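Proteins get letters first, then strands, A, B, ... in listed order; numbering begins at 1 in each. Note that this is a predicted model, so its numbers are computed, not measured.
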Amino acid sequence: MIRTIEVLFVIIIISGALIATSYFAVLPSAREVSPINLRRLSFTTLQTLDSDFDLSRAAFETDNATAWGRLQVALSASLPPNVVYNLTVYDVSDQQGQVYNYVDSISNAASQIATSEVSAYAVASSNVTFNFTPEKIGEKTGGTTLYILNCSDANGWWITGYTAQSLAQDLYNLLSPYFIETVVVQNTAQLRQLIDNQTISGSPSERVQNAVVINTFGESVPMPQEYYQGQIRQNLGYDPSAPSGYNYVKYCWTLGNTVRMYNWTWTSIVGYPFYYVSNNVVFSSSQNNWGIYGMKMTSQGGSRAFLQGLDNQTYTYDTNGLASDVGGVTLTTKTIEFTNYYGIYPSSYQTSTRALSNSILQSYHLSIGFNVFNPVGNNNPGAIYNHKASGSSNITGSLLALGLTRTPDVRVTGLSLLSYYQPRLYASQYTATGTSRLVILQLGLVGSG
Amino acid sequence: MASGAIDHMVSLIIFIAAITIFIGLFSQNMQTSIAYERHNVLSTKTSDLLDNMLLNPGIPITWGQSDDAIVGFGLQDPDYSQYKLSSFTLMRLASTQAAVYYPRTATYYSNNSARLGSCLLVPSAESLNYSIISKLLGINGTYGFQLTLTPTITFNFQKTSTCSPLTVQVNVDGTGYPLANAHVSYSLIIISQGANNYPSYTVVKGVSATDGAGLVELVFPQITSESQSYALIIYSKLDGLKGIGYYVNNPPDLTKTVIPLIDSFQNRTILLTHSDSIGQPSQPPGYSELSYNASFVILTEDYTLRQVQLNQQSAVGNLSYGSGSELDYTSITVPNNDGIFIISYKSNSGQFGVVLMPWGLGSLAFPLKFGGNPAGQDWVTTDIRQVTVGSIAYQAQLGLWNLQGYSRTG
C-alpha cells in the first residue's frame with residue numbers, strides 16, 4: 001500500500017511539474033512565429049518615398065497640409081491593406097537639451113499597435129550645402145598649373161558632338177578646384193608662349209614647369225603658325241623628308257621635347273594621340289579626309305615622334321603602329337574607389353579602339369604611373385605613362401593617353417588625373433542646426449496581438 | 001507477503017501508466033515548440049533569402065544583358081545600390097506560364113506577357129528556370145520558393161465612351177489605397193490608318209491629375225471609331241511612388257498580328273514574327289501578309305515618351321506567312337536603354353493593329369511570378385520589400401517553404 005501511495009505522490013509531483021512548465025513555457029502566437037519582416041518593409045518604404053527626395057521635402061514642410069497630405073496618401077497606397085503605420089518626424093538638434101524633438105506624425109492606426117517594428121531614416125533639408133575644400137595639386141612644391149587648350153584657331157577631331165571649347169569649359173568646372181591656377185589657353189599664339197616657357201595669364205602663381213596640359217582637341221593637337229613650312233620654326237615643326245601630307249609629324253616631336261623639359265603631364269582625352277595637327281590659318285585649305293578643314297594628318301607617326309621627343313631621342317620619321325582596338329574595357333578597382341572619393345561617376349564600361357601597346361614602355365623609357373583601365377592583353381586602354389631617363393629615378397614628363405573611342409567623356413579625364421595626383425578632400429565641418437530630421441516609420445499588422 | 005506483491009504490482013502499473021501519459025503530454029509541448037522554432041527559422045531564412053536576391057547584382061554583374069554564364073544569382077541593378085532592381089535580369093526569369101513554340105527557330109519562348117496588346121516572349125535557352133536559380137541560391141532540395149514582383153500602382157481602364165470622343169476613366173490604385181491627387185501624364189499612340197503601307201502613328205500627349213478617389217478621366221476626340229487601333233500609355237507619380245500602365249485597342253475582329261520575340265539579350269535583337277507562324281503546330285498555311293513599322297521609345301525625365309531612331313532597314317517591312325518562300329520573321333536591334341518597343345502593322349486585308357513590348361520589365365510595369373507552386377505546401381512563410389525597377393515602384397514578395405519535410409503539429 002505504501003508503494004502505491006508513494007507512486008501517487010510521484011504523480012502529483014510530475015503533474016505539478018507539467019503544470020508549472022505549461023504555465024511558464026508560453027508559446028508565441030502564430031503571427032509572431034513567422035512574421036513579415038516589418039522593419040525591412042518599413043525601411044524600404046521610406047527609401048521608395050524618398051527616391052525623388054519627396055519624403056525629405058515633406059519632412060521639412062509639416063505645416064504644408066498639401067505636402068503632408070500627399071505623403072499620407074503615398075504611404076497608405078504603398079503599404080499592404082493589412083499593415084497599419086505611424087510615421088513620426090523628429091527634429092535633430094540639441095537646442096532644447098535633447099537631441100530628437102518631436103515635430104509631427106501621421107497614422108492610420110486607430111488604436112495601439114500591439115506588435116510593431118520601426119525603421120529610422122535621416123533626411124536633410126534641401127537648403128543644406130555640404131562643402132569640401134580640396135587640397136591643391138602640388139601645393140607643397142610650389143603649385144601645379146592646369147592648362148586647358150581651348151585654342152580658337154584650331155579644330156578638333158573625334159570629339160564629335162562637342163567643340164573643344166565646350167569640353168574646355170566642362171574640364172575647367174571639374175578640375176579647377178584642385179589646382180592653384182587654371183589657365184585656359186585661348187589660341188595657338190598662347191600655346192607657343194607656353195612652349196617658350198612664358199606664362200600667359202599674368203597671375204603670379206602660374207607655373208609653366210610641372211604643369212598639367214589637357215588637349216581638348218581629341219586626336220588633333222593645336223599647332224602655332226611659327227611651325228608651319230617657311231615660318232621661323234619650320235625646322236621644329238616641318239619634316240621635308242616625310243611623305244607628302246605627313247610632314248608636320250616633327251611638331252609632335254617638339255611637343256614631346258617640351259613635355260620632357262618642363263615635366264608636363266600631357267593629357268590626350270580620346271583616341272589616337274597626335275594623329276592630326278591643327279591650325280585654321282595655315283592649314284585653311286587642308287582637311288582631314290573627313291571634311292574638317294584646318295588640319296593635317298600625322299597619323300601614327302605623330303605619337304611615335306612625340307615619344308621620341310619625350311625620351312630625348314633624335315627625331316626620325318617612324319610610322320609603326322602602337323595602338324590596337326581592344327573593344328570593351330573596365331575601370332580598375334583603384335579607379336572605381338576614386339569615383340566615390342571624388343564623386344565623379346563615368347561608366348565603368350568603356351570601349352577602347354586606340355589602346356597603346358606595352359612595347360612603348362621599353363622603347364621610350366616609360367613606366368605606368370597609374371592604370372585607369374584594366375590592361376587588355378598587351379595593351380593599356382587608358383594609363384598615365386611616366387618618363388624616366390635611363391638610369392634616373394626622376395620623372396621627366398608624363399602622358400595620360402585615354403585610347404577610348406569617340407565621343408569623349410571628360411569625366412574619365414578628370415577622374416584619371418585626380419586618381420593619379422590624389423589630392424585630398426577636406427570636408428567642411430557640419431554644424432548647422434535645424435537641417436536634419438529623423439523620420440520614424442512604425443508598422444504593425446492589423447489584428448496582431 | 002501476497003499483499004506486498006500486489007501493492008508492488010499496482011504501484012508499478014500506476015507508475016508506468018502515469019509516466020506514459022506524462023511523456024505524451026511533455027512531448028506534445030516539445031513538438032509544438034520545435035515546430036514553432038522551425039517556422040521561425042524558415043521566416044528568418046525567407047527574409048535573408050529575399051535580401052540576398054535583391055541586394056546583389058549577381059555574378060557576372062551584367063548577366064541580365066550578356067550571354068556570359070551566370071554563377072551567382074542577384075537582381076540588383078549593378079549601376080545602383082539598395083533595393084533598385086535591374087529591368088533586364090528580371091526579364092530573364094522563366095515564367096510560370098506555358099512556353100510558346102516557334103517552329104522557324106525551333107525554340108521555345110518563356111511567356112511573360114501580361115495583357116492583351118503586349119508581349120514579352122523570351123527564349124527558354126536565355127531564361128533561367130526555377131531549378132537553376134535554386135542551385136545558384138544554394139537551396140536546391142532544401143527549400144522551395146516563389147518570387148512575385150507586383151507593381152505598387154495599378155491602372156484600371158474603363159471606356160465610358162468608345163469614340164467621338166473616346167473617354168477613358170482610369171482608376172489609379174496603390175496597394176492599400178487609391179492614389180489620390182497624383183500627377184498623371186499620358187501618351188495616346190494613334191495608328192495612322194492611311195494608304196501608307198507601313199503604318200506610322202501620331203502621339204497625343206497631356207498631363208492631368210487624379211481626384212480624391214484616384215480617378216482620372218481622359219478624353220480623346222481624335223478617336224472616331226472603335227475599330228481604330230491605338231495604345232494609351234499612362235504614367236502616374238506621387239511622392240516617390242511611380243507607376244505606368246497601358247491599354248491597347250485593336251479591332252475586335254483582328255486575327256493576324258505581329259508578335260515580337262526576344263532573340264538575344266546581349267545583341268539586343270528582337271525577332272518580329274507573323275502570329276500564324278507561332279505555336280506547335282503552326283496555323284495551316286493560308287497566305288497572309290503584315291506590313292509593319294517598328295519604333296522604340298524611352299520614358300524621359302519629364303515623364304513623356306521620346307522616340308529613339310532605330311536607323312535600320314528592317315524597322316519597316318513585311319512579314320508573309322503561307323507564301324512558301326518569303327520570310328515570316330525579321331530581326332531588329334534595339335538600344336540598350338529600357339524602353340518600349342512599339343510595332344504598328346497593317347494586314348493585307350486592310351486591318352490595322354499595334355503591339356507593345358517592354359525592353360526592360362519596368363518599362364511597362366509588367367508583373368512577374370517566378371519559382372515553384374506554394375499550393376499544398378505544409379507551411380509557407382512570406383516576406384515583402386518595396387523595390388524599384390527602372391523608376392517604377394514594385395513590391396517584391398517571397399514565399400518560402402521547406403522541402404525536407406516535417407509534420408505539422410500543435
query = So with a 6.0 Å cut-off around CZ of Phe53(A), is the heavy-atom count from everything else above 12?
reply = no
ask   = Under a 4.5 Å heavy-atom cut-off, does chain B meet the side chain of Leu49(A), its backbone, both or neither?
value = both
query = So how far is it from Leu55(B) CG to Arg40(A) CZ, rounded to the nearest 0.5 Å?
reply = 6.5 Å
ask   = Can you tell which of Ser76(A), Pro81(A), Ser51(A) has the highest number of heavy-atom pairs within less than 4.5 Å of chain B?
value = Ser76(A)
key: Tyr345(A) atom OH, neighbour heavy-atom count above 12 within 6.0 Å   = yes
key: When Ser348(A), Gly69(A), Ala74(A), Ser347(A) are compared by non-hydrogen pairs under 4.5 Å with chain B, the top option   = Ala74(A)
remark   = Tightest non-hydrogen contact, residues Thr152(B) and Ala77(A), listed as CG2-O, 4.0 Å
key: Sole candidate of Thr48(A), Thr44(A), Thr45(A) that passes side-chain hydrogen bond (donor to acceptor under 3.5 Å, both in side chains) when paired with Gln386(B)   = Thr45(A)
message = With a 4.5 angstrom heavy-atom cut-off, is it the side chain or the backbone of Ile61(B) that approaches chain A, or both, or neither?
response = side chain
request  = Measure distances from Phe22(B) to the heavy atoms of chain A and classify the residue's part below 4.5 Å as side chain, backbone, both or neither.
outcome  = side chain
request  = Can you see which heavy atom on Ile384(B) is nearest to which on Pro80(A), and at what distance?
outcome  = CD1-CG, 4.1 Å
ask   = chain A: which of Gly174(B), Ala393(B), Ala182(B), Gly176(B) shares the most heavy-atom pairs with it under 4.5 Å?
value = Gly176(B)
Which of Ile153(B), Asp51(B), Val10(B) touches chain A most, by non-hydrogen pairs under 4.5 Å = Asp51(B)
query = Tyr177(B) and Leu75(A): side-chain contact (heavy atoms from CB on, under 4.5 Å), yes or no, with the steps?
reply = CA-CA 9 Å; Tyr177(B) 195 76; Leu75(A) 194 52; over 6 Å; no
ask   = Which residues from residues 236-243 of chain B are near chain A, with near meaning under 4.5 Å between non-hydrogen atoms?
value = Lys237(B), Leu238(B), Asp239(B), Gly240(B), Leu241(B), Lys242(B)
ask   = Nearest 0.5 Å, what's the CD-OG distance between Gln47(A) and Ser81(B)?
value = 7.5 Å
message = Please report the interatomic distance CG(Asn37(A)) to OG1(Thr381(B)), rounded to the nearest 0.5 Å.
response = 11.5 Å
Tyr349(A) OH to Asp79(B) CG distance, which is reported to the nearest 0.5 Å = 7.5 Å
key: Thr66(A) versus chain B, the contacting section by heavy-atom distance below 4.5 Å   = neither
query = Under a 4.5 Å heavy-atom cut-off, does chain B meet the side chain of Val73(A), its backbone, both or neither?
reply = both
Spacing of His183(B) atom NE2 and Arg70(A) atom CZ [to the nearest 0.5 Å] = 9.5 Å
Ser11(B): which of Val10(A), Leu8(A), Ile5(A), Val7(A) passes side-chain contact (heavy atoms from CB on, under 4.5 Å) = Val7(A)
query = In Å, rounded to the nearest 0.5 Å, how long is the span from CD1 of Ile14(A) to CG of Leu25(B)?
reply = 11.0 Å
